[in-house]
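Let me begin by presenting the structure, written as structure tokens, before commenting on it.
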Amino acid sequence: MMTTNDGLRLRSVTAEQILDSRGHPTLQVQVVTDDGASFSGSAPAGASTGDHEARELRDGGSDFGGRGVTNAVTLVADQVEPLLTGTKWVTLDDIDGALYRLDGTGRFAKIGANTAVAVSIACARAFAHQQRIPLHEWISDQLGTTPVMPVPHFNVVNGGAHAANGLAFQEFLVAPTGARDISDAVQMGAEIYAALEAELRSRFGSLGVGDEGGFAPDTDDENQVLDTIMRSIERAGLTPGLNVRLALDAAANSFYDGKYYRLHGRWRSADDLLARYVDLAANYPIWSIEDPFDESDRNAWHDIMDRLGDRVQILGDDIFVTDAARIRAGAKEEIANAALIKPNQIGTVTQTFEALRTAREVGFRTMISHRSGETLDTFIADLAVGAGTGQIKAGAPARGERVAKYNRLTRLHKLYPQLGYAQWWTD
Ligand code: PGA
Ligand code: ZN
């Protein structure tokens, strides 16, 4: 659809403190446009964060264990609203640039990436509205991409920093690559999740869940987890490797001591851990491994690319932190072949677009991602569709803040049935 862009005017920009899915305070921002329409954006929060992520603004002190965001709420009222109202904005780039300059530190150490991302997401929605096009279409216009429904990667077993069990690896994910469409994929995810619950209950009795809604069985054995997931896929009437592939997020920063990796109660070398990944990839239909090594252990990343990079997606999260320059450097060093994309890691939607453009330029795949601390904001669903990444992870197919994203995808499919389901795995 052709649209004219005669600029966006904002009447107000306000913020409030809400709770995220972990019960921690976070920021929700509301912008009202000059025609009276209002749009919101909220900030998620990570637990296993990369060293180079943009900074969050938190109150400190004793309330909420120091995690309050009332200073950010005040900052929006005192500085962001005066900055953004009373001007005509032609692009989101201009607004995000103004936030970046207001901050002045290059990593949002002053106004906080939580402030920036919530404002930026709300303004992205306002721009789509002002141009009278759906958000995913506005995003694809910005990026020059073809929108497509992503394959959801459901995080069905949680470990690492997201669960109180012995699993070193943080996420065990199922990806219904052989689904007909997103509704079919969501159904597969939910049925596998239900079958897995039954399998794990009969094996472990009581069963907790982790931060992202995946089960947290009391084990430290990845093979046991993967075998149980394989059985659950079959129990749901599906075929592992055909309809459904597996993925891992090791989040290896969280079990690295500067030299060794802690696995099954023992300290292991990067070579031992690499041998473990090679073994797992040979025995299970694992198509993607995220953060296999610590972000500083770049030789080990290079080695896994040599061993598995032609068959397996080696996906950088903490090592790239959605930063275009870090993605470019990673491609040059050949330490990965894909980048995870989380808007709050870098701060604004504009910088997220830069990371996506750079990834495309260097031939990396991308996966759009939620955070372990989430809200009901569904921006990342529209982002995944509009950017045409073909991949999203938003947690288990359970718990409100997780299913909000999957339900949004299903809704977009109903509204825009011409959007195809991603087919990248047939490459
Ligand atoms: P985080 O975890 O949101 O706690 O960083 C998600 C991930 O590591 O992918
Ligand atoms: Zn990760």
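Atoms within a ligand are numbered from 1 in the order they appear, just like the ligands themselves. This one's a predicted model, so the numbers in the text were calculated from it and none came from an experiment.
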Just jot down the ligand 1 atoms closer than 4.0 angstrom to any heavy atom of Arg371, in number order. 1 (P), 3 (O), 5 (O)

Just distances here: any N/O of Ala251 and N/O of ligand 1 closer than 3.5 Å? no

Are Phe64 and Asp59 packed together at the side-chain level, in the sense that at least one heavy-atom pair is separated by less than 4.5 angstrom? no

Atom of Asp303, atom of Asp271 and distance for their closest heavy-atom approach: OD2-OD1, 4.3 Å

Tell me: protein heavy atom nearest atom 6 (C) of ligand 1, and distance? Lys342 NZ, 3.4 Å

Which is it for Asp211 and ligand 1 at heavy atoms under 4.0 Å: side chain, backbone, both or neither? neither

Salt bridge or not between Arg276 and Glu222? Use side-chain N to carboxylate O under 4.0 Å. yes

Numbered atoms and elements of ligand 1 in range of Asp249, under 4.0 angstrom, heavy atoms: 7 (C), 8 (O), 9 (O)

N/O of Glu290 under 3.5 Å from N/O of ligand 1, yes or no? yes

In the protein, which heavy atom is nearest to atom 8 (O) of ligand 1, and how far is it? Gln170 NE2, 2.9 Å

Report the relative orientation of the aromatic rings in Trp287 and His153; use parallel for angles under 30°, tilted for 30 to 60°, perpendicular for over 60°. tilted

Heavy-atom closest pair (His264 atom, Asp220 atom, distance to 0.1 Å) is CD2-O, 2.9 Å

Would you mind running through ligand 1 and noting each atom that sits below 4.0 Å from a heavy atom of Glu212? 2 (O), 6 (C)

Is the CD atom of Glu334 crowded by more than 12 outside heavy atoms at less than 6.0 Å? no

Which ligand 1 atoms, with their elements, are less than 4.0 angstrom from a heavy-atom of Asp317? 7 (C), 8 (O), 9 (O)

Contact between Ser48 and ligand 1, counting heavy atoms under 4.0 Å? yes

Hey, does His370 sit under 4.0 Å from ligand 1 if you only count heavy atoms? no

Taking 4.0 angstrom as the limit, do Glu53 and Lys342 come out as a salt bridge? no

Inspect the contact between Arg357 and Glu361 and indicate whether a charged nitrogen and a carboxylate oxygen are less than 4.0 angstrom apart. no

If we number the atoms of ligand 1 from 1 as shown, the ones under 4.0 Å from a heavy atom of Ala47 are 1 (P), 4 (O), 5 (O)

Considering the heavy atoms of Gly46, write down every atom of ligand 1 situated less than 4.0 Å from one of them. 1 (P), 3 (O), 4 (O), 5 (O)

Evaluate Ser38 against Gln30 for side chain to side chain donor-acceptor pair (under 3.5 Å), listing each step before the verdict. CA-CA 7 Å; Ser38 86; Gln30 197 92 11; 3.1 Å; yes

Between Asp249 and Lys393, does at least one N-O distance fall below 4.0 Å, as a salt bridge requires? yes

Show the numbers, then the answer: is there a side chain to side chain donor-acceptor pair (under 3.5 Å) between Glu295 and Asn253? CA-CA 7 Å; Glu295 64 184 79; Asn253 279 9; 2.7 Å; yes

Closer than 2.8 Å to the Zn ion (ligand 2) - protein N, O or S atoms, ordered by chain and residue number: Asp249 OD2, Glu290 OE2, Asp317 OD2

Evaluate the criterion side chain to side chain donor-acceptor pair (under 3.5 Å) for residue pair Asp221 and Thr219; output intermediate values, then yes/no. CA-CA 6 Å; Asp221 181 353; Thr219 178; 5.3 Å; no

Crowding at CG, Asp218 (>12 non-hydrogen neighbours, <6.0 Å): no

Identify the closest protein heavy atom to atom 2 (O) of ligand 1: which residue and atom is it, and at what distance? His162 CE1, 3.1 Å

Note the single closest protein heavy atom to atom 9 (O) of ligand 1, along with its residue, its atom name and the distance in Å. Lys393 NZ, 2.6 Å

For ligand 1, the portion of Ser372 having any non-hydrogen atom under 4.0 Å away: both

May I ask you to check whether Phe154 and Tyr406 place their ring centers less than 6.0 Å from one another? yes

